[in-house]
Amino acid sequence: MTGEVAVLGAGMHPWGKWGRSFVEYGTKAARAALADAGLEWSAIQSVVGANTVRCGYPGQVAGATFAKALGWQGARVTSVYAACASGARAIDTARAQILSGMADTVLVVGSDAAPKGFFAPAGGGRPDDPDWLRFRVLGATNPAYFGLWARRRMALYGDTAEDFARVKVKNAAAGAANRYARYRSPVTAEEVAASPVVADPLRLLDICATSDGAAALVLGSVETARRLGMARPVRIRAVSSVSPTHPRTALDLPDIATDSAPPGSPVPDPFRPSIARAAYEEAGLGPEDLSLAEVYDLSTALELEWYEDLGLCAPGEGAKLLREGATAPGGRIPVNPSGGLASFGEAVPAQAIAQVCELTWQLRGQAGERQVPGARAGITVNQGLFGHGSSVVAVR
């Protein structure tokens with residue numbers, strides 16, 4: 001049995017602040033993915049929804065919510081939550097169903113209607129919840145956390161505010177060519193430097209916004225794709241799912257301590273690099289084989305960190321790789337040709353699915369002005385709170 005599944009269709013709802021229900025966004029993305037696959041909704045045997053905890057009970061049973069919105073037709077329904085990695089976990093659940101023979105065609109949907117401003121803790125007292133504690137005890141909002149990582153890079157590697165601004169300039173240029181992006185205007189380094197400080201040294205344009213948006217995929221077996229006339233479908237070759245090992249040597253909120261059940265003195269294994277490494281091992285390729293990467297750029301400084309965690313360069317050399325133009329359009333390994341979260345903002349259950357939509361269009365040669373010439377393999381990486389590490393490798 002092969003470990004690959006085919007992407008039969010990909011669809012998105014434009015991201016922004018639309019003020020409507022997440023169900024509407026997700027349903028439109030799902031219908032776009034079905035149309036791209038050339039399939040009727042009745043042909044779908046399973047629906048996997050990536051949950052959103054912000055949208056009440058319907059958001060927490062997203063698989064059933066979208067199946068109902070599209071019209072009950074008897075499909076299996078599954079709902080998955082893994083914080084910001086929810087979309088990747090939904091893809092992995094669909095893949096498992098296909099490879100096990102439970103379903104031939106699976107619809108994966110993620111959608112969100114996010115609050116204004118940065119994400120805040122839910123109400124009430126929850127002293128056993130690390131996410132609640134880091135807001136209430138440490139006062140560490142997401143932007144504060146991003147600022148800590150930026151300062152760490154400056155202290156360890158000599159990164160500068162100008163380096164961070166270069167990331168925004170690169171991603172904004174890509175987002176300007178993406179019809180699904182929320183922000184579609186080029187940005188200059190001077191504009192980044194002139195934007196208000198949010199969490200020193202990061203400024204407003206260094207940090208991604210929160211957004212409404214949706215993304216969907218129709219997945220199936222490679223045999224199903226060929227039966228539908230797709231001679232060379234985009235294939236998902238790997239989906240990693242790793243958790244940290246003890247001890248954790250770098251602060252990774254919301255966790256503010258590290259625990260170990262087994263006795264002994266384990267060898268430290270950094271969490272973030274292990275996410276992509278597991279995907280590479282499963283896919284049977286390495287960073288040198290990649291044509292592009294879609295990374296989780298919650299801030300400009302975090303994008304530089306992902307270059308290193310993906311093995312695109314050695315630790316501490318992310319800014320150098322950026323300055324050389326290697327991660328820009330036309331470079332050796334374009335990163336975030338979609339525009340990234342810098343251009344989209346966070347719609348939590350949708351963002352990892354949106355990354356795979358971009359890989360699909362790039363590998364098909366359908367990305368228009370954003371097209372990476374000759375794209376043959378791509379990787380995504382998306383980290384969720386509480387040790388949810390996810391990465392997807394797609395090939396053609």
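If you read the sequence from its start, that first residue is 1, and numbering goes on from there.
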I need the S343 OG to K168 NZ distance, nearest 0.5 Å. 6.0 Å
Just how far is it from atom CG of L322 to atom CG of L312, taken to the nearest 0.5 Å? 12.0 Å
Q73, CD: over 12 other non-hydrogen atoms inside 6.0 angstrom: yes
Please test M154 against F164 for side-chain contact (heavy atoms from CB on, under 4.5 Å), starting from the C-alpha separation and ending with a verdict. CA-CA 10 Å; M154 296 173 88; F164 303 152; 4.0 Å; yes
Using only heavy-atom distances, determine whether the side chains of R89 and S390 contain a donor-acceptor pair under 3.5 Å. yes
E282 and S240: side chain to side chain donor-acceptor pair (under 3.5 Å), yes or no, with the steps? CA-CA 8 Å; E282 183 181 338; S240 78; over 6 Å; no
E40 atom CD, over 12 foreign heavy atoms within 6.0 Å: no
Looking at side-chain heavy atoms only, is the closest gap between T210 and K116 below 4.5 Å? no
For the atom pair CD (Q355) and CG (N382), what is the distance rounded to the nearest 0.5 Å? 5.0 Å
Quick one: pull up OG1 in T360 and CG in L217 and give me the separation to the nearest 0.5 Å. 6.0 Å
Could you tell me if the side chain of K170 sits less than 4.5 Å from the side chain of E303, heavy atoms only? yes
Could you walk me through whether V169 and E191 pass the side-chain contact (heavy atoms from CB on, under 4.5 Å) test, one step at a time? CA-CA 9 Å; V169 171; E191 288 173 321; over 6 Å; no
Do D112 and D212 have side chains that get closer than 4.5 Å, going by heavy atoms? no
Please say which of L285, L310, I333, V395 ends up in a side-chain contact (heavy atoms from CB on, under 4.5 Å) with I379. L310
Under 3.5 Å, is there a donor on one side chain and an acceptor on the other for E346 and S211? no
After noting the C-alpha distance and the side-chain angles of L70 and R31, does the key distance pass the side-chain contact (heavy atoms from CB on, under 4.5 Å) rule? CA-CA 8 Å; L70 290 163; R31 288 178 175 146; 3.9 Å; yes
Check the side chains of E358 and N336 for a donor-acceptor pair under 3.5 angstrom, ignoring hydrogens and angles. no
Closest heavy-atom pair, V5 versus I98, reported as atoms and distance to 0.1 Å, is CG1-CG2, 3.9 Å
Compare all side-chain heavy atoms of V47 with those of T78 and state whether any distance is below 4.5 angstrom. no
Of Q371, E369, Q362, which is the lone residue that meets side-chain contact (heavy atoms from CB on, under 4.5 Å) with P337? Q362
For atom NZ of K17, is the number of surrounding heavy atoms from other residues, nucleotides or ligands below 6.0 Å larger than 12? yes
Is the closest side-chain donor-acceptor distance between S46 and Q97 under 3.5 Å? yes
Is D297 reaching over with its side chain to a backbone N or O of G340, donor-acceptor style, under 3.5 angstrom? no
Does NZ or CZ of R272 come closer than 6.0 Å to the centre of the six-membered ring of W306, within 45° of the ring's axis? yes
Check the pair V348 / V53 against side-chain contact (heavy atoms from CB on, under 4.5 Å), numbers first and verdict last. CA-CA 10 Å; V348 169; V53 299; over 6 Å; no
Using a distance-only test with no angle check, is there a side-chain donor-acceptor pair under 3.5 angstrom linking N142 and R134? yes
Spell out, as yes or no, whether a donor-acceptor pair under 3.5 Å connects the side chain of D163 to the backbone of T160. yes
Using ring pair (Phe, Tyr, Trp, His ring centres under 6.0 Å), reason through W41 and F66 one step at a time and then give a plain yes or no. CA-CA 11 Å; W41 159 234; F66 291 121; over 10 Å; no
So, taking the atom named OG in S241 and the one named CD1 in I91, what distance separates them when rounded to the nearest 0.5 Å? 12.5 Å
